[in-house]
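Scroll down for the structure; my scribbles are underneath it.
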Amino acid sequence: MGGKIRIHDLNIGTKLKLIRNKRSSWGWELLKGDIVKLIEIQEQPVKLKVLDNTEREWHLDSHDIELLDN
């Protein structure tokens, strides 16, 4: 993520954009550029729990996302 915003400063509900494709063990796929919504920040190691546009939960690393430009 660019800028000076820290992961732990993000608010629940923040919209984030994928910067690389992700595939789940269920065969679900998120594509680069897809928008997800933050629902939880997990620690040790830092993981972001997000919802995709079909309300499926994903666990992403901070290097998988960037803040959505408004």
Side-chain angles (χ1 to χ4, degrees):
M1 290 176 46
K4 305 252 187 231
I5 296 174
R6 297 178 333 120
I7 286 289
H8 297 289
D9 292 336
L10 295 176
N11 294 319
I12 300 306
T14 298
K15 302 284 183 172
L16 305 165
K17 182 169 65 171
L18 269 282
I19 59 173
R20 61 181 49 89
N21 294 346
K22 296 297 284 185
R23 186 175 191 84
S24 76
S25 59
W26 293 95
W28 303 339
E29 192 169 27
L30 286 174
L31 301 176
K32 180 179 177 179
D34 281 352
I35 306 303
V36 295
K37 181 173 78 172
L38 181 66
I39 59 173
E40 184 179 330
I41 300 170
Q42 302 173 341
E43 297 191 40
Q44 304 303 341
V46 174
K47 292 277 187 190
L48 304 173
K49 187 188 283 188
V50 300
L51 291 177
D52 66 12
N53 62 353
T54 60
E55 299 294 312
R56 293 182 294 210
E57 287 186 11
W58 291 77
H59 295 261
L60 302 175
D61 296 316
S62 59
H63 60 268
D64 292 329
I65 55 94
E66 67 183 9
L67 285 176
L68 181 62
D69 294 329
N70 291 327

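Heavy-atom basis, side chains included; hydrogens, waters and symmetry copies ignored.
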Review point. From Lys22 NZ over to Lys32 NZ, what is the distance, rounded to the nearest 0.5 angstrom?
Key: 14.0 Å
Practice item. With sequence neighbours left out, write down each residue that passes salt bridge (Lys or Arg N to Asp or Glu O under 4.0 Å) with Asp34, or none if nothing qualifies. Key: none
**Study point:** same_hphob_cluster(Ile19, Leu48) at 4.5 Å side-chain heavy-atom cutoff
**Key:** no
Point to revise | Donor-acceptor contact below 3.5 Å, side chain Asp52 vs main chain Val36 | key: no
Exercise for review: Kindly compute the distance separating CD (Glu66) from CG (Leu18), expressed to the nearest 0.5 Å.
Suggested key: 9.5 Å
Exercise for review: Please check if Leu51 and Ile12 belong to a single hydrophobic cluster, counting links between Ile, Leu, Val, Met, Phe, Trp and Tyr side chain heavy atoms closer than 4.5 Å.
Suggested key: no
Revision key, fill the gap. The side chain to side chain contact (heavy atoms under 4.5 Å, CB included) partners of Glu43 (sequence neighbours excluded) come to His8
Practice item. Examine Trp26 and Leu60 and state if one hydrophobic cluster contains both, with Ile, Leu, Val, Met, Phe, Trp and Tyr joined whenever side-chain heavy atoms are less than 4.5 Å apart. Key: yes
Practice item. Could you tell me the separation between the CD atom of Gln42 and the NZ atom of Lys47, rounded to the nearest 0.5 Å? Key: 9.0 Å
**Study point:** Non-hydrogen atoms of Arg23 and Trp58 that approach each other most closely
**Key:** C-CZ3, 4.2 Å
Review point. Can you get from Leu67 to Ile39 by hopping between Ile, Leu, Val, Met, Phe, Trp and Tyr side chains that sit under 4.5 Å apart?
Key: no
Practice item. Would you give the length of the straight line joining atom CG of Leu30 to atom CD1 of Ile35, rounded to the nearest 0.5 angstrom? Key: 10.5 Å
Review point. Taking it one step at a time, do Ile65 and Val50 satisfy side chain to side chain contact (heavy atoms under 4.5 Å, CB included)?
Key: CA-CA 11 Å; Ile65 55 94; Val50 300; 5.9 Å; no
Review point. Atom CG in Leu38, atom CG in Leu10: separation rounded to 0.5 Å?
Key: 6.0 Å
